[in-house]
Amino acid sequence: MNVINKKRLLTEARKKVYELDAESIAYYRRNPCIACEDLLGIKLIDTQKYILQQSWNATHSLWCCSRNFGKSFIGAIIIILKAVLYENQAIYIISSVGDQSKETFSKIEEIVTRMGKTAASIKSLKDIVANETKKSPTNKDGFSHNPAGYHVEFYNGSEIFTLNSKPDSNRSRRATLCFFDEAAFCSDELISICEAFATQNTDFITSTDENYNPEIEHRRVPTQLIYASSQDQMTTMFYRHYKNFAKRMLAGDRNYFVCDMICDTAIQTYMNGKPYIPLLTQDKVDAAIKANKEKALREYYNQPTQDGGTNQIVKWHTIRKNETFVLPTLTWKPNSRIVIAFDPARTKDNSIIGVMNVYFDEELGWCGDIINCVNLVDVATQCKYKLDSNRQIKELRDIICRYNGQNPDYEYIDQLLIDGGSGGGGLSTYSDGMLNDWTDKSGKKHRGFIDKTYEAYESYINRYQDNSDKLRVISPKKYRTQMVEEFIDLMDLGVIKFPHEYSGQETLKVSTKINSATNEEEFEMYDLSEEEKLALVQIDLMKNEITSIYKTENQDKTSVTYALSKEKENKMHDDRFYVAILLAHRLYEIRRSSVIKTKKQSIIDNNKFKALCRRPTIAR
């Protein structure tokens, strides 16, 4: 009798190994903080452990954390652990701008590949996860950097994606985890669309077997939504979720978790109950409060800002809508069209120079990027007075030279606008001072400026015939209300653009080109200069002043004024706001002139075609 030897698929030893692996995975699924140390080699501080543990199984988590607390870092950890410990996960990183979500993805890549700035601060990183990514001959580490969205896939079927900030391109997807980075700055539409990714119940299973009972199935990991950000405005969906989720959490619903970590938790850190090196220092918080108190309270103490009702001319959500990734420009660039506005002062107010680059957009028409803002303060004086008028004129001329480059006089300067109010000496001191020819630092001679349309200079036109007519002296009493209304219209249209809010970073990751062979983005680290940092801070102060201006009417409702609110008029200035409306006034003129030209070109003169026509011959 022949005995058929059956080949055993698993030996007892191999079976034992697999059982131990399954037990290990189940153990790590129950203990994410231990998994973080054993699988990634990362030891978290106590507050970060608390967030990771409490958010692990909650379907709705909201992290309201101070700047420099490490929100994106904790998000990167929970994303990696979910991807490797659970199979077939579809994880999406979403942010107000695509670059922010890519930055979080880069943190994941640096942790997994053990390379980069994040990896440099962690000495014990492990290569376990690096061995789990799917690789190819053209992609050695498994991380893809397609400009449309970054992506990485693991052998267990889990995937991580980044999404851009355009709502219309982010529909009809399914996710097991959506991570909203800087959620307070995401639009309500973007959050609503992406929340729908994780609405399907993962426990829903069906079968054609009549005896199948879905209740005997093991529970699957739930779909999760995680919102991480510092506070912004009370009108944002992040703040509404913050309130609603906190109520559900306090009512005992374990599917909801909210934490509020102010800067003190990043300054006084603990690891395993013992004091540890701080993530943030008190002097940085104090400096931020001194520079911009409202922004610092929002970012470091999680105190949201409340919009000022219907009389507030520009609300914060409009500012956020008009923010874009644009770096400050300090020198000449090709194809630029520069508008410079100057609101001079000597003692009480700020003396501000603002710079806008005007360009044509196919969809929006003429637009303007705010690319620089300078406060001419004399740091040597004890009371921080402004520079004397001679040095202010010198600084203004230097700025004009920088933006025009080595080109013929004022070729790239569209217009120079100076506030002609008597308080700052705009006409008598600065406009008159710009009449004379001058010599720059390199010894090159330049023509002066004159406003040929201003009544005070009508008799000076023959005397200064060679002067450039690119100067405009603006009377605040005559044009302020008109300029504010023009500014409101342009902000609503979204044609005035600001840089994103500056959070104090020293370097920025900038996309340089797309590799034609791999179709992936290539980057370089851009180190911000001190002048660029200062420009970003001044532009943030400009936004703060813009949102502090209110519309008031007299009792008879016959006149309208625009000024700082009563509680802020003795605490802050509005000079940066005034420079902004000067720049907007010029942009409004450019847009209006282009519309008028288009209308004129579209009118057809029928008289020109009469000579080409003859009277028809009528057959009888």
Side-chain angles (χ1 to χ4, degrees), residues 4 6-36 38-39 52-62 77-94 128-129 132-134 152-161 170-180 192-227 241 244-245 247-258:
I4 300 174
K6 293 185 178 180
K7 188 176 180 180
R8 300 178 64 180
L9 296 177
L10 288 176
T11 63
E12 290 297 327
R14 179 64 65 181
K15 184 177 179 182
K16 185 67 175 178
V17 170
Y18 288 164
E19 288 175 351
L20 291 174
D21 286 346
E23 289 179 10
S24 299
I25 293 173
Y27 176 76
Y28 287 136
R29 286 177 177 178
R30 294 192 301 269
N31 301 279
C33 294
I34 298 175
C36 181
D38 291 354
L39 302 181
L52 176 59
Q53 187 69 51
Q54 294 299 317
S55 304
W56 187 245
N57 289 318
T59 57
H60 298 79
S61 299
L62 188 142
I77 289 173
I78 197 170
I79 288 170
I80 293 171
L81 292 177
K82 285 286 183 180
V84 297
L85 290 176
Y86 294 95
E87 67 279 359
N88 300 320
Q89 297 292 294
I91 301 171
Y92 287 88
I93 305 171
I94 304 145
I128 296 174
V129 180
E132 298 297 321
T133 59
K134 277 190 176 182
V152 62
E153 186 177 359
F154 299 86
Y155 286 119
N156 65 353
S158 296
E159 296 179 89
I160 302 172
F161 305 88
N170 297 330
R171 299 179 187 270
S172 302
R173 301 173 189 259
R174 286 292 174 262
T176 55
L177 170 63
C178 290
F179 181 77
F180 296 90
S192 298
I193 289 172
C194 295
E195 282 176 341
F197 295 176
T199 54
Q200 187 168 343
N201 186 0
T202 56
D203 289 326
F204 178 81
I205 302 174
T206 184
S207 173
T208 57
D209 187 356
E210 295 292 337
N211 298 321
Y212 175 72
N213 184 6
E215 295 180 357
I216 65 175
E217 293 285 347
H218 292 290
R219 287 190 61 190
R220 300 189 175 213
V221 59
T223 55
Q224 293 179 283
L225 299 170
I226 299 177
Y227 309 81
H241 283 342
N244 296 330
F245 291 1
K247 292 175 184 177
R248 299 288 292 269
M249 176 184 171
L250 294 174
D253 193 337
R254 298 177 65 180
N255 286 323
Y256 289 83
F257 168 71
V258 176

**Request:** Quick one: do Y227 and E195 satisfy side-chain hydrogen bond (donor to acceptor under 3.5 Å, both in side chains)? Show the steps, please.
**Result:** CA-CA 11 Å; Y227 309 81; E195 282 176 341; 2.4 Å; yes

**Prompt:** When the ring centroid of Y92 is compared with that of F197, is the distance short of 6.0 Å?
**Reply:** yes

**Asked** Are T176 and Q89 close enough that a side-chain donor and a side-chain acceptor fall under 3.5 Å?
**Response** yes

**Message:** Checking the side chain of K134 only, and the main-chain atoms of N156 only, is there a donor and an acceptor separated by less than 3.5 Å?
**Reply:** no

**Complete:** Distance col, row L81:CG vs L52:CG, nearest 0.5 angstrom, shows 6.5 Å

**Message:** If I compare all heavy atoms of A196 with all of R174, which pair ends up nearest, and what's the gap?
**Reply:** O-NH1, 3.7 Å

**Atom pair CE/CD of M249 and Q54 - distance to nearest 0.5 Å** = 6.5 Å

**Request:** Might you work through the side-chain contact (heavy atoms from CB on, under 4.5 Å) test for L177 and I79, ending with a clear yes or no?
**Result:** CA-CA 8 Å; L177 170 63; I79 288 170; 4.2 Å; yes

**Prompt:** Can I226 and F180 be said to form a side-chain contact (heavy atoms from CB on, under 4.5 Å), step by step?
**Reply:** CA-CA 6 Å; I226 299 177; F180 296 90; over 6 Å; no

**Complete:** The reported gap from CD in E23 to OH in Y28 (rounded to nearest 0.5 angstrom) is 12.5 Å

**Prompt:** Short question: side chain of E159, backbone of A83 - any donor-acceptor pair under 3.5 Å?
**Reply:** no

**Request:** Flag this pair as yes if the NZ/CZ of R29 is under 6.0 angstrom from the six-membered ring centre of Y86 and inside a 45 degree cone about the axis; otherwise no.
**Result:** yes

**Asked** What is the minimum heavy-atom distance between N57 and P222, and which atoms define it?
**Response** O-CG, 3.8 Å

**Message:** So which atom in Y256 and which in A58 form the shortest heavy-atom distance, rounded to 0.1 Å?
**Reply:** N-CB, 4.5 Å

**Message:** Quick one: does any side-chain atom of N31 pair with a main-chain N or O of C33 as donor and acceptor, under 3.5 Å?
**Reply:** no

**Request:** Please step through side-chain contact (heavy atoms from CB on, under 4.5 Å) for the pair C178 and I94, ending with a clear verdict.
**Result:** CA-CA 7 Å; C178 290; I94 304 145; 4.1 Å; yes

**Request:** Any chance you could measure S61, atom OG, to H241, atom NE2, to the nearest 0.5 Å?
**Result:** 12.0 Å

**Message:** Run the side-chain contact (heavy atoms from CB on, under 4.5 Å) test on F179 and Q224 for me, step by step, so that the C-alpha distance in whole Å, both residues' side-chain angles and the decisive distance to 0.1 Å come before the verdict.
**Reply:** CA-CA 8 Å; F179 181 77; Q224 293 179 283; over 6 Å; no

**Message:** Checking side-chain contact (heavy atoms from CB on, under 4.5 Å) between H60 and each of D253, L225, N244, which is the one that passes?
**Reply:** L225

**Complete:** Heavy-atom nearest pair, A198 first then T223, reads O-OG1, 3.0 Å

**Prompt:** What closest approach, in Å, do V152 and T133 show between heavy atoms, and which atom pair accounts for it?
**Reply:** CG2-CG2, 4.0 Å

**Request:** Using a 4.5 Å cut-off on heavy atoms from C-beta on, say whether the side chain of R30 contacts that of W56.
**Result:** no

**Complete:** Exactly one candidate in N88, I80, V129 meets side-chain contact (heavy atoms from CB on, under 4.5 Å) with F154; the answer is V129

**Distance in Å, E87 CD paired with S158 OG, rounded so as to fall on 0.5 Å steps** = 7.0 Å

**Prompt:** If you measure from SG on C194 to CD1 on I93, what distance do you get to the nearest 0.5 Å?
**Reply:** 12.5 Å

**Message:** Does Y212 have more than 12 heavy atoms from other residues, nucleotides or ligands lying within 6.0 Å of its OH?
**Reply:** yes

